[in-house]
Amino acid sequence: QVQLVESGGDLVQSGGSLRLSCAASGFAVDDYGIGWFRQAPGKEREGISFIEAGGGSTYYANSLQGRFTISRDNAENTVYLQMNSLKPEDTAFYSCARKRPFTLVSPWDRLGDYDYWGQGTQVTVSS
């Protein structure tokens, strides 16, 4: 059974850091691309970052300005999102998702290309 479980969301002050985890079961994370997405109240879900299967090339939303880093631990079967220099506008519900095989890497943030989603975790950044 394929499952993705996010954790690590919290309330943090502006300028702080958080590390989100996306623990996978039922498949190996290095066999699939994994994306992180977020949705703020009243806004559409947006792609934050993506890590390719295998070689693990990474991609980021331009708006992040280099503050976030995606990584993968194959032994733990987990994908991480390290978030630094957090801003109030980063407040959102964050989810990870597995990309369908044989889909194009680009664009990596097309929602329909993802087949399994986690339940999400809330990140709140106070000013």
Listed partners of Y94 passing ring pair (Phe, Tyr, Trp, His ring centres under 6.0 Å), at least two apart | none
Begin from the C-alpha positions of C22 and L4 and carry the test side-chain contact (heavy atoms from CB on, under 4.5 Å) through to its verdict.
-> CA-CA 6 Å; C22 172; L4 297 165; 3.8 Å; yes
Taking side chain as C-beta onward, heavy atoms only, is L81 less than 4.5 Å from T69?
-> no
Answer yes if Y116 and I48 sit in the same cluster of Ile, Leu, Val, Met, Phe, Trp and Tyr residues linked by side chain heavy atoms under 4.5 Å apart, and no otherwise.
-> yes
Under the salt bridge (Lys or Arg N to Asp or Glu O under 4.0 Å) test, residues paired with R38 that sit two or more places apart | E46, D90
List in chain and number order the residues that pass salt bridge (Lys or Arg N to Asp or Glu O under 4.0 Å) with D73, two or more places apart in sequence or in another chain; answer none if no residue qualifies.
-> none
Say whether V123 and L64 are linked into one hydrophobic cluster, either directly or through other cluster members, by side-chain heavy-atom distances under 4.5 angstrom.
-> yes
Side chain to side chain contact (heavy atoms under 4.5 Å, CB included) against D31, all qualifying residues, sequence neighbours excluded | A28
Specify the closest pair of heavy atoms between S127 and S14, including all atoms of both residues, with the distance to one decimal.
-> CA-CB, 4.2 Å
F50: hydrophobic cluster co-members (side-chain, 4.5 Å) = F37, Y59, V105, W108, L111, Y114, W117
Sequence neighbours excluded, which residues qualify as salt bridge (Lys or Arg N to Asp or Glu O under 4.0 Å) partners of R45?
-> none
Note: S126 and L11 closest approach over all heavy atoms is CB-CD1, 4.3 Å
Quick check: does any side chain N or O of Y60 sit under 3.5 Å from a backbone N or O of I70, one acting as donor and the other as acceptor?
-> yes
So, for S95 and G120, which heavy atoms are closest and what is the spacing to 0.1 Å?
-> OG-CA, 3.7 Å
Any side-chain heavy-atom pair of S49 and F68 under 4.5 Å = no
With sequence neighbours left out, the residues meeting salt bridge (Lys or Arg N to Asp or Glu O under 4.0 Å) with D109 are none
Look only at the side chain of Q119 and the backbone of E6, and say whether a donor-acceptor pair between them is shorter than 3.5 Å.
-> yes
With sequence neighbours excluded, residues passing ring pair (Phe, Tyr, Trp, His ring centres under 6.0 Å) with Y32 = F27
Which pair of non-hydrogen atoms, one from I34 and one from V29, has the smallest distance, and what is that distance?
-> CG1-O, 4.4 Å
Could you identify which residues cluster with L104, counting Ile, Leu, Val, Met, Phe, Trp and Tyr as linked when any side-chain heavy atoms lie under 4.5 Å apart, either directly or through a chain of such contacts?
-> none
Does any pair with a residue in residues 113-127 pass salt bridge (Lys or Arg N to Asp or Glu O under 4.0 Å), and if so which ones, sequence neighbours excluded?
-> R98-D115, K99-D113, R110-D113
side-chain hydrogen bond (donor to acceptor under 3.5 Å, both in side chains) filter on T58, not counting sequence neighbours, yields none
Using a 4.5 Å cut-off on heavy atoms from C-beta on, say whether the side chain of T124 contacts that of V12.
-> no
Atom CD1 of I51 and atom OG of S57: how far apart are they, to the nearest 0.5 Å?
-> 8.5 Å
Shared hydrophobic cluster, V2 / V79 (ILVMFWY, side-chain heavy atoms < 4.5 Å) = yes
Return each pair, listed once, that meets side chain to side chain donor-acceptor pair (under 3.5 Å) where at least one residue sits in residues 75-89; pairs must be two or more places apart or across chains.
-> S17-N84, Q65-K87, Q82-N84
